[in-house]
> 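Here it is, the structure, as C-alpha coordinates.
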2 protein chains.
Amino acid sequence: MISRMALEHALLVALCEQPASGLELTKRFSRSIGYFWSATHQQIYRVLGRMDGDGWVSVSEVAQEGRPDKKVYAVTELGRAALADWLAQPTETQSLRSELALKMRAATWGDRGAVLDVVRTNLADHHARLERYEQLVARDYPDPSILTGLELDQYLVLHGGVLMERTWITWLTEYLEAHA
Amino acid sequence: MISRMALEHALLVALCEQPASGLELTKRFSRSIGYFWSATHQQIYRVLGRMDGDGWVSVSEVAQEGRPDKKVYAVTELGRAALADWLAQPTETQSLRSELALKMRAATWGDRGAVLDVVRTNLADHHARLERYEQLVARDYPDPSILTGLELDQYLVLHGGVLMERTWITWLTEYLEAHA
DNA sequence: GGCGGTGTTGCAACTCGTTGCATAGGTCGG
DNA sequence: CCGACCTATGCAACGAGTTGCAACACCGCC
(Lines give C-alpha, C1' and ligand atoms only; values in the text may rest on other atoms or scores of the structure.)
Protein backbone atom coordinates (compact mmCIF):
# COMPACT_ATOMS: atom_id res chain seq x y z
CA MET A 1 0.00 0.00 0.00
CA ILE A 2 1.66 3.12 -1.24
CA SER A 3 -0.55 6.04 -0.60
CA ARG A 4 -3.63 5.48 1.52
CA MET A 5 -4.83 7.52 4.47
CA ALA A 6 -4.15 10.80 2.76
CA LEU A 7 -6.62 12.84 4.78
CA GLU A 8 -4.41 12.32 7.81
CA HIS A 9 -1.58 13.92 5.91
CA ALA A 10 -3.71 16.71 4.55
CA LEU A 11 -4.65 17.55 8.13
CA LEU A 12 -1.02 17.38 9.22
CA VAL A 13 -0.15 19.88 6.51
CA ALA A 14 -2.95 22.19 7.55
CA LEU A 15 -2.02 21.94 11.22
CA CYS A 16 1.65 22.54 10.47
CA GLU A 17 0.70 25.79 8.80
CA GLN A 18 -1.53 26.74 11.75
CA PRO A 19 -2.94 24.79 14.73
CA ALA A 20 -6.73 24.74 14.67
CA SER A 21 -9.93 23.14 15.92
CA GLY A 22 -12.01 20.68 13.97
CA LEU A 23 -14.43 23.29 12.78
CA GLU A 24 -11.71 25.71 11.79
CA LEU A 25 -10.11 22.92 9.78
CA THR A 26 -13.44 22.22 8.14
CA LYS A 27 -13.69 25.83 7.05
CA ARG A 28 -10.12 25.87 5.82
CA PHE A 29 -10.80 22.70 3.86
CA SER A 30 -13.69 24.38 2.11
CA ARG A 31 -11.23 27.11 1.08
CA SER A 32 -7.54 27.00 0.26
CA ILE A 33 -6.57 23.39 0.94
CA GLY A 34 -10.02 22.27 -0.12
CA TYR A 35 -9.29 23.42 -3.66
CA PHE A 36 -7.43 20.17 -4.13
CA TRP A 37 -8.55 18.15 -1.13
CA SER A 38 -12.07 18.20 0.27
CA ALA A 39 -13.48 16.67 3.44
CA THR A 40 -16.61 16.89 5.55
CA HIS A 41 -16.52 17.86 9.21
CA GLN A 42 -17.55 14.36 10.31
CA GLN A 43 -14.62 12.82 8.51
CA ILE A 44 -12.28 15.45 9.90
CA TYR A 45 -13.42 14.84 13.48
CA ARG A 46 -13.04 11.11 13.11
CA VAL A 47 -9.55 11.36 11.66
CA LEU A 48 -8.48 13.91 14.26
CA GLY A 49 -9.50 11.42 16.93
CA ARG A 50 -7.45 8.72 15.28
CA MET A 51 -4.46 11.01 14.90
CA ASP A 52 -4.71 11.91 18.57
CA GLY A 53 -4.73 8.21 19.41
CA ASP A 54 -1.64 7.72 17.28
CA GLY A 55 0.15 10.59 18.99
CA TRP A 56 0.44 12.61 15.77
CA VAL A 57 -1.34 15.61 17.30
CA SER A 58 -1.85 17.04 20.78
CA VAL A 59 -5.13 18.51 21.94
CA SER A 60 -5.81 21.50 24.19
CA GLU A 61 -9.24 22.66 25.27
CA VAL A 62 -9.67 26.36 24.69
CA ALA A 63 -12.44 28.36 26.36
CA GLN A 64 -14.09 30.96 24.17
CA GLU A 65 -16.26 33.96 24.89
CA GLY A 66 -19.83 33.69 23.79
CA ARG A 67 -19.35 30.22 22.25
CA PRO A 68 -18.77 26.65 23.31
CA ASP A 69 -15.24 25.53 24.11
CA LYS A 70 -13.15 24.20 21.27
CA LYS A 71 -10.36 21.65 21.01
CA VAL A 72 -7.30 23.02 19.31
CA TYR A 73 -5.03 20.47 17.67
CA ALA A 74 -1.30 20.91 17.11
CA VAL A 75 1.18 18.62 15.37
CA THR A 76 3.57 16.70 17.62
CA GLU A 77 7.11 15.65 16.80
CA LEU A 78 5.75 12.22 15.97
CA GLY A 79 3.29 13.83 13.58
CA ARG A 80 6.01 15.82 11.89
CA ALA A 81 8.04 12.67 11.46
CA ALA A 82 5.05 10.88 9.94
CA LEU A 83 4.52 13.77 7.56
CA ALA A 84 8.17 13.86 6.52
CA ASP A 85 8.10 10.12 5.96
CA TRP A 86 4.97 10.34 3.81
CA LEU A 87 6.43 13.21 1.79
CA ALA A 88 9.37 11.07 0.74
CA GLN A 89 7.22 8.17 -0.46
CA PRO A 90 6.21 7.91 -4.10
CA THR A 91 2.75 9.05 -5.17
CA GLU A 92 1.04 7.19 -7.94
CA THR A 93 -0.26 9.25 -10.80
CA GLN A 94 -3.99 8.89 -10.63
CA SER A 95 -6.28 8.88 -13.61
CA LEU A 96 -8.98 11.47 -14.07
CA ARG A 97 -12.02 9.63 -12.69
CA SER A 98 -14.36 12.17 -14.19
CA GLU A 99 -18.05 11.49 -14.25
CA LEU A 100 -18.54 14.35 -16.67
CA ALA A 101 -16.12 12.84 -19.17
CA LEU A 102 -18.08 9.62 -18.92
CA LYS A 103 -21.29 11.45 -19.75
CA MET A 104 -19.70 13.27 -22.65
CA ARG A 105 -18.61 9.97 -24.09
CA ALA A 106 -22.02 8.38 -23.44
CA ALA A 107 -24.17 11.15 -24.91
CA THR A 108 -25.03 8.98 -27.92
CA TRP A 109 -27.03 6.63 -25.68
CA GLY A 110 -29.30 9.28 -24.20
CA ASP A 111 -30.66 12.78 -24.66
CA ARG A 112 -27.77 14.76 -26.09
CA GLY A 113 -29.41 18.07 -25.26
CA ALA A 114 -29.57 17.08 -21.60
CA VAL A 115 -25.90 16.16 -21.59
CA LEU A 116 -25.04 19.47 -23.20
CA ASP A 117 -26.94 21.20 -20.41
CA VAL A 118 -24.94 19.30 -17.82
CA VAL A 119 -21.75 20.31 -19.59
CA ARG A 120 -22.84 23.94 -19.69
CA THR A 121 -23.53 23.90 -15.96
CA ASN A 122 -20.09 22.48 -15.29
CA LEU A 123 -18.49 24.99 -17.61
CA ALA A 124 -20.10 27.86 -15.69
CA ASP A 125 -18.84 26.31 -12.48
CA HIS A 126 -15.28 26.14 -13.79
CA HIS A 127 -15.49 29.74 -14.94
CA ALA A 128 -16.53 30.75 -11.43
CA ARG A 129 -13.71 28.80 -9.88
CA LEU A 130 -11.16 30.26 -12.24
CA GLU A 131 -12.27 33.74 -11.38
CA ARG A 132 -12.02 32.98 -7.66
CA TYR A 133 -8.55 31.51 -7.99
CA GLU A 134 -7.32 34.41 -10.07
CA GLN A 135 -8.66 36.86 -7.50
CA LEU A 136 -6.83 34.96 -4.79
CA VAL A 137 -3.61 35.09 -6.77
CA ALA A 138 -3.99 38.80 -7.41
CA ARG A 139 -4.78 39.49 -3.76
CA ASP A 140 -2.30 37.21 -1.98
CA TYR A 141 0.54 36.77 -4.45
CA PRO A 142 0.71 39.95 -6.55
CA ASP A 143 4.42 39.41 -7.26
CA PRO A 144 5.18 35.68 -7.46
CA SER A 145 8.81 36.24 -8.42
CA ILE A 146 9.77 37.26 -4.88
CA LEU A 147 8.19 34.29 -3.10
CA THR A 148 10.13 31.59 -1.28
CA GLY A 149 9.48 28.55 0.91
CA LEU A 150 5.94 27.92 2.08
CA GLU A 151 4.46 30.91 0.29
CA LEU A 152 6.06 29.91 -2.98
CA ASP A 153 4.63 26.40 -2.67
CA GLN A 154 1.20 27.73 -1.82
CA TYR A 155 1.31 30.00 -4.83
CA LEU A 156 2.50 27.27 -7.18
CA VAL A 157 -0.29 24.94 -6.12
CA LEU A 158 -2.88 27.66 -6.46
CA HIS A 159 -1.47 28.50 -9.87
CA GLY A 160 -1.81 24.84 -10.80
CA GLY A 161 -5.48 25.16 -9.92
CA VAL A 162 -5.71 28.09 -12.31
CA LEU A 163 -4.09 26.04 -15.07
CA MET A 164 -6.46 23.15 -14.43
CA GLU A 165 -9.56 25.35 -14.52
CA ARG A 166 -8.44 26.93 -17.77
CA THR A 167 -7.97 23.48 -19.27
CA TRP A 168 -11.44 22.40 -18.19
CA ILE A 169 -12.88 25.53 -19.77
CA THR A 170 -11.01 24.85 -23.01
CA TRP A 171 -12.12 21.23 -23.06
CA LEU A 172 -15.79 21.79 -22.29
CA THR A 173 -15.96 24.72 -24.70
CA GLU A 174 -14.56 22.55 -27.46
CA TYR A 175 -17.13 19.90 -26.68
CA LEU A 176 -20.00 22.37 -26.82
CA GLU A 177 -18.74 23.91 -30.05
CA ALA A 178 -18.35 20.50 -31.67
CA HIS A 179 -22.00 19.82 -30.89
CA ALA A 180 -23.31 23.28 -31.64
CA MET B 1 -27.80 11.91 -3.59
CA ILE B 2 -27.04 13.21 -7.03
CA SER B 3 -24.36 11.14 -8.59
CA ARG B 4 -23.27 8.01 -6.78
CA MET B 5 -22.90 4.52 -8.16
CA ALA B 6 -21.06 5.74 -11.20
CA LEU B 7 -19.26 2.48 -11.95
CA GLU B 8 -22.63 0.99 -12.89
CA HIS B 9 -23.00 3.68 -15.47
CA ALA B 10 -19.46 3.40 -16.71
CA LEU B 11 -20.13 -0.29 -17.31
CA LEU B 12 -23.38 0.51 -19.06
CA VAL B 13 -21.53 2.85 -21.39
CA ALA B 14 -18.87 0.25 -22.12
CA LEU B 15 -21.48 -2.46 -22.74
CA CYS B 16 -23.54 -0.18 -24.98
CA GLU B 17 -20.48 0.27 -27.16
CA GLN B 18 -19.83 -3.47 -27.19
CA PRO B 19 -21.15 -6.40 -25.10
CA ALA B 20 -18.35 -8.10 -23.20
CA SER B 21 -17.37 -10.43 -20.37
CA GLY B 22 -16.05 -9.30 -17.01
CA LEU B 23 -12.48 -9.84 -18.02
CA GLU B 24 -12.85 -8.08 -21.35
CA LEU B 25 -14.37 -5.15 -19.49
CA THR B 26 -11.45 -5.17 -17.08
CA LYS B 27 -9.04 -4.93 -19.99
CA ARG B 28 -11.04 -2.20 -21.63
CA PHE B 29 -11.07 -0.29 -18.37
CA SER B 30 -7.31 -0.40 -18.25
CA ARG B 31 -7.35 1.20 -21.71
CA SER B 32 -9.71 3.64 -23.33
CA ILE B 33 -12.43 4.10 -20.74
CA GLY B 34 -9.91 3.58 -17.97
CA TYR B 35 -8.19 6.81 -19.00
CA PHE B 36 -10.88 8.63 -17.07
CA TRP B 37 -12.45 5.84 -15.04
CA SER B 38 -10.52 2.98 -13.48
CA ALA B 39 -11.76 -0.16 -11.76
CA THR B 40 -10.38 -3.49 -10.64
CA HIS B 41 -11.80 -6.77 -11.87
CA GLN B 42 -13.24 -7.65 -8.46
CA GLN B 43 -15.21 -4.46 -8.36
CA ILE B 44 -16.37 -5.01 -11.93
CA TYR B 45 -17.58 -8.55 -11.21
CA ARG B 46 -19.43 -7.44 -8.13
CA VAL B 47 -21.15 -4.59 -9.91
CA LEU B 48 -22.00 -6.78 -12.91
CA GLY B 49 -23.73 -9.17 -10.52
CA ARG B 50 -25.71 -6.32 -9.01
CA MET B 51 -26.63 -4.98 -12.43
CA ASP B 52 -27.80 -8.44 -13.46
CA GLY B 53 -29.95 -8.57 -10.34
CA ASP B 54 -31.41 -5.19 -11.22
CA GLY B 55 -32.17 -6.33 -14.75
CA TRP B 56 -29.89 -3.75 -16.30
CA VAL B 57 -27.92 -6.38 -18.20
CA SER B 58 -28.55 -9.88 -19.52
CA VAL B 59 -26.02 -12.66 -19.31
CA SER B 60 -25.23 -15.40 -21.80
CA GLU B 61 -22.70 -18.15 -21.28
CA VAL B 62 -20.38 -18.41 -24.22
CA ALA B 63 -18.21 -21.48 -24.77
CA GLN B 64 -14.70 -20.79 -25.99
CA GLU B 65 -12.07 -22.95 -27.60
CA GLY B 66 -9.04 -23.62 -25.50
CA ARG B 67 -10.28 -21.51 -22.60
CA PRO B 68 -12.90 -21.56 -19.89
CA ASP B 69 -16.39 -20.42 -20.73
CA LYS B 70 -17.14 -16.78 -20.30
CA LYS B 71 -20.24 -14.81 -19.41
CA VAL B 72 -21.02 -12.12 -21.91
CA TYR B 73 -23.07 -9.22 -20.64
CA ALA B 74 -25.35 -7.06 -22.79
CA VAL B 75 -27.41 -4.03 -21.84
CA THR B 76 -31.16 -4.55 -21.57
CA GLU B 77 -33.85 -2.01 -22.32
CA LEU B 78 -34.08 -1.36 -18.59
CA GLY B 79 -30.35 -0.71 -18.54
CA ARG B 80 -30.59 1.71 -21.44
CA ALA B 81 -33.36 3.56 -19.65
CA ALA B 82 -31.27 3.76 -16.48
CA LEU B 83 -28.36 5.11 -18.49
CA ALA B 84 -30.47 7.70 -20.25
CA ASP B 85 -31.93 8.77 -16.91
CA TRP B 86 -28.49 9.14 -15.37
CA LEU B 87 -27.22 11.12 -18.37
CA ALA B 88 -29.86 13.76 -17.84
CA GLN B 89 -29.07 14.26 -14.17
CA PRO B 90 -26.66 17.00 -13.10
CA THR B 91 -23.07 16.12 -12.29
CA GLU B 92 -21.33 18.03 -9.56
CA THR B 93 -18.01 19.58 -10.44
CA GLN B 94 -15.50 17.76 -8.34
CA SER B 95 -12.37 19.29 -6.91
CA LEU B 96 -8.97 18.00 -7.81
CA ARG B 97 -8.26 15.69 -4.87
CA SER B 98 -4.60 15.46 -5.78
CA GLU B 99 -2.16 13.88 -3.39
CA LEU B 100 0.72 15.28 -5.40
CA ALA B 101 -0.55 18.84 -5.04
CA LEU B 102 -0.73 18.24 -1.31
CA LYS B 103 2.90 17.14 -1.24
CA MET B 104 3.98 20.11 -3.33
CA ARG B 105 2.36 22.41 -0.85
CA ALA B 106 3.80 20.51 2.11
CA ALA B 107 7.39 20.31 0.90
CA THR B 108 8.48 22.87 3.49
CA TRP B 109 7.78 20.39 6.29
CA GLY B 110 9.96 17.58 4.96
CA ASP B 111 12.82 16.80 2.63
CA ARG B 112 12.31 19.03 -0.36
CA GLY B 113 14.66 17.01 -2.50
CA ALA B 114 12.54 13.92 -1.93
CA VAL B 115 9.40 15.80 -2.92
CA LEU B 116 11.10 17.05 -6.07
CA ASP B 117 11.96 13.45 -6.92
CA VAL B 118 8.32 12.45 -6.48
CA VAL B 119 7.30 15.31 -8.74
CA ARG B 120 9.86 14.28 -11.35
CA THR B 121 8.53 10.74 -11.34
CA ASN B 122 5.01 11.99 -11.84
CA LEU B 123 6.14 14.33 -14.59
CA ALA B 124 7.73 11.44 -16.47
CA ASP B 125 4.50 9.50 -16.04
CA HIS B 126 2.44 12.34 -17.50
CA HIS B 127 4.84 12.63 -20.42
CA ALA B 128 4.38 8.94 -21.13
CA ARG B 129 0.60 9.25 -20.94
CA LEU B 130 0.57 12.24 -23.22
CA GLU B 131 2.59 10.38 -25.79
CA ARG B 132 0.25 7.39 -25.61
CA TYR B 133 -2.83 9.57 -25.99
CA GLU B 134 -1.37 11.45 -28.92
CA GLN B 135 -0.49 8.20 -30.62
CA LEU B 136 -4.06 7.01 -30.12
CA VAL B 137 -5.40 10.22 -31.60
CA ALA B 138 -3.08 9.97 -34.60
CA ARG B 139 -3.96 6.32 -35.16
CA ASP B 140 -7.71 6.31 -34.56
CA TYR B 141 -8.80 9.86 -35.31
CA PRO B 142 -6.42 11.23 -37.95
CA ASP B 143 -9.05 13.67 -39.22
CA PRO B 144 -11.28 14.80 -36.32
CA SER B 145 -13.21 17.24 -38.49
CA ILE B 146 -15.16 14.45 -40.21
CA LEU B 147 -16.26 12.66 -37.02
CA THR B 148 -19.85 12.44 -35.79
CA GLY B 149 -21.85 10.75 -33.07
CA LEU B 150 -20.11 8.19 -30.90
CA GLU B 151 -16.74 8.54 -32.60
CA LEU B 152 -16.80 12.30 -32.21
CA ASP B 153 -17.55 11.95 -28.49
CA GLN B 154 -14.80 9.39 -28.05
CA TYR B 155 -12.35 11.68 -29.79
CA LEU B 156 -13.37 14.73 -27.78
CA VAL B 157 -12.91 12.90 -24.50
CA LEU B 158 -9.56 11.52 -25.55
CA HIS B 159 -8.55 15.00 -26.66
CA GLY B 160 -9.55 16.25 -23.21
CA GLY B 161 -7.12 13.73 -21.79
CA VAL B 162 -4.42 15.19 -24.00
CA LEU B 163 -5.21 18.70 -22.74
CA MET B 164 -5.13 17.52 -19.14
CA GLU B 165 -1.80 15.79 -19.52
CA ARG B 166 -0.29 18.87 -21.14
CA THR B 167 -1.52 20.95 -18.22
CA TRP B 168 0.01 18.58 -15.70
CA ILE B 169 3.30 18.77 -17.57
CA THR B 170 3.18 22.55 -17.58
CA TRP B 171 2.32 22.67 -13.89
CA LEU B 172 4.93 20.21 -12.66
CA THR B 173 7.60 21.71 -14.89
CA GLU B 174 6.89 25.14 -13.41
CA TYR B 175 7.17 23.69 -9.93
CA LEU B 176 10.51 22.07 -10.66
CA GLU B 177 11.89 25.20 -12.31
CA ALA B 178 10.78 27.36 -9.40
CA HIS B 179 12.77 25.10 -7.09
CA ALA B 180 15.74 24.55 -9.39
C1' DG C 1 0.61 -37.59 -15.78
C1' DG C 2 1.99 -33.86 -12.93
C1' DC C 3 3.40 -28.86 -12.92
C1' DG C 4 3.38 -24.20 -13.79
C1' DG C 5 1.23 -20.46 -16.39
C1' DT C 6 -2.75 -18.02 -17.89
C1' DG C 7 -7.72 -17.11 -18.37
C1' DT C 8 -11.99 -16.42 -15.84
C1' DT C 9 -14.73 -15.83 -12.09
C1' DG C 10 -15.59 -14.76 -7.48
C1' DC C 11 -15.59 -14.08 -1.92
C1' DA C 12 -14.24 -11.63 2.33
C1' DA C 13 -12.17 -8.13 4.83
C1' DC C 14 -10.69 -3.70 4.98
C1' DT C 15 -10.34 1.44 4.22
C1' DC C 16 -12.13 5.67 2.92
C1' DG C 17 -15.61 8.97 2.51
C1' DT C 18 -20.67 10.48 2.71
C1' DT C 19 -25.25 11.01 4.70
C1' DG C 20 -28.34 11.37 8.30
C1' DC C 21 -28.87 12.25 12.77
C1' DA C 22 -27.74 13.63 17.68
C1' DT C 23 -26.07 16.49 21.46
C1' DA C 24 -24.84 20.46 23.93
C1' DG C 25 -23.74 25.29 24.73
C1' DG C 26 -24.53 29.80 23.45
C1' DT C 27 -26.97 34.24 21.28
C1' DC C 28 -30.88 36.91 20.03
C1' DG C 29 -35.69 38.34 19.18
C1' DG C 30 -40.45 38.34 20.51
C1' DC D 1 -38.80 32.10 28.88
C1' DC D 2 -39.43 30.06 24.49
C1' DG D 3 -38.13 29.15 19.94
C1' DA D 4 -34.98 29.84 16.10
C1' DC D 5 -30.49 29.79 14.88
C1' DC D 6 -25.39 29.34 15.19
C1' DT D 7 -21.12 27.07 16.95
C1' DA D 8 -18.84 22.90 17.96
C1' DT D 9 -18.44 18.07 18.39
C1' DG D 10 -19.58 13.51 17.48
C1' DC D 11 -22.01 8.58 16.39
C1' DA D 12 -24.00 5.09 13.24
C1' DA D 13 -25.07 3.37 8.96
C1' DC D 14 -24.12 3.10 4.43
C1' DG D 15 -21.85 3.30 -0.31
C1' DA D 16 -17.99 2.48 -2.91
C1' DG D 17 -13.37 0.99 -3.98
C1' DT D 18 -9.05 -1.78 -2.84
C1' DT D 19 -6.42 -5.75 -1.38
C1' DG D 20 -5.67 -10.40 -0.56
C1' DC D 21 -6.93 -14.71 -1.51
C1' DA D 22 -9.05 -18.62 -3.83
C1' DA D 23 -11.35 -21.72 -7.07
C1' DC D 24 -11.61 -23.79 -11.44
C1' DA D 25 -10.59 -24.66 -16.38
C1' DC D 26 -7.51 -25.22 -19.86
C1' DC D 27 -2.94 -25.02 -22.06
C1' DG D 28 1.86 -26.55 -22.97
C1' DC D 29 6.02 -28.59 -21.19
C1' DC D 30 8.89 -32.10 -19.23
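Just so you know, these numbers come straight off a predicted model, no measurement behind them. Hydrogens, waters and symmetry mates are skipped; everything else that's a heavy atom, side chains included, is used. Below, chains carry the letters A, B, ... as their sequence lines are ordered, and counting in each starts from 1.
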> Could you list the residues that satisfy ring-ring contact (aromatic ring centres under 6.0 Å, His included) with F36(A), not counting sequence neighbours?
none
> Suppose we call a contact any N or O donor and acceptor under 3.5 Å apart; does that hold for the side chain of R46(B) and the base of dT9(C)?
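Answer no: no donor N or O sits under 3.5 Å from an acceptor.
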> Kindly write out the residues that satisfy salt bridge (charged side-chain N to carboxylate O under 4.0 Å, His left out) with R80(B), not counting sequence neighbours, or none if the list is empty.
none
> Going by the rule salt bridge (charged side-chain N to carboxylate O under 4.0 Å, His left out), which residues pair with D117(B) if we only count those two or more places apart in sequence or in a different chain?
R120(B)
> Closest-nucleotide mapping onto DNA chain C: is V47(A) or E24(B) further toward the 5' terminus? I mean the 5' end.
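Looking at DNA chain C, the more 5' nearest nucleotide goes with E24(B).
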> Looking at residues at least two apart in the chain, or sitting in another chain, which of them share a side chain to side chain contact (heavy atoms under 4.5 Å, CB included) with E131(B)?
Q135(B)
> Which whole-number value in Å describes the distance from L48(A) CG to dC16(C) C1'?
16 Å
> dA8(D) phosphate, OP1 or OP2: any side-chain N/O from K27(A) under 4.0 angstrom?
yes
> Does a nitrogen or oxygen in the side chain of Q43(A) sit under 4.0 Å from OP1 or OP2 of dT18(C)?
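So the side chain of Q43(A) is outside the cut-off, no N or O lying under 4.0 Å from OP1 or OP2 of dT18(C).
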> Give the rounded distance in Å between these two atoms: CG of D54(A) and P of dT15(C).
12 Å
> Output one line per pair: protein atom, nucleotide atom from nucleotides 21-24 of chain D, and distance, for all N/O pairs under 3.5 Å.
| from | atom 1 | to | atom 2 | distance (Å) |
| --- | --- | --- | --- | --- |
| dC21(D) | N4 | Q42(B) | NE2 | 3.3 |

> Starting at CH2 of W37(B) and ending at P of dG17(D), how long is that distance when rounded to a whole Å?
7 Å
> Rounded to whole angstrom units, what separation is found between the CZ atom of F29(B) and the P atom of dT18(D)?
11 Å
> What is the separation between atom NZ on K71(A) and atom P on dA8(D), rounded to the nearest whole Å?
14 Å
> What integer distance in Å separates H9(A):NE2 from dC16(C):P?
10 Å
> Y133(B): which residues meet the ring-ring contact (aromatic ring centres under 6.0 Å, His included) condition with it, sequence neighbours left out?
Y35(B)
> For L23(A) and dT9(D), give me the distance from atom CG to atom P, rounded to whole Å.
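Answer to the nearest Å: 6 Å.
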> Is there a donor-acceptor pair closer than 3.5 Å between any side-chain N or O of W171(B) and the backbone N or O of L156(A)?
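Yes.
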> Are W37(A) and H9(A) an aromatic pair by the rule of ring centers under 6.0 Å?
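Judged by ring-centre distance (under 6.0 Å), W37(A) and H9(A) do not meet the cut-off.
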> Measure from CD on E92(A) to C1' on dG17(D) and round the result to the nearest Å.
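Spelled out: CD on E92(A) to C1' on dG17(D) is 14 Å.
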> Under 4.0 Å between a side-chain N or O of K70(A) and OP1 or OP2 of dG25(C)?
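For K70(A), the contact criterion (side-chain N or O under 4.0 Å from OP1 or OP2 of dG25(C)) is not met.
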> What's the closest nucleotide to the side chain of Y45(B) if the choices are dT9(C), dA13(C), dA13(D)?
dT9(C)
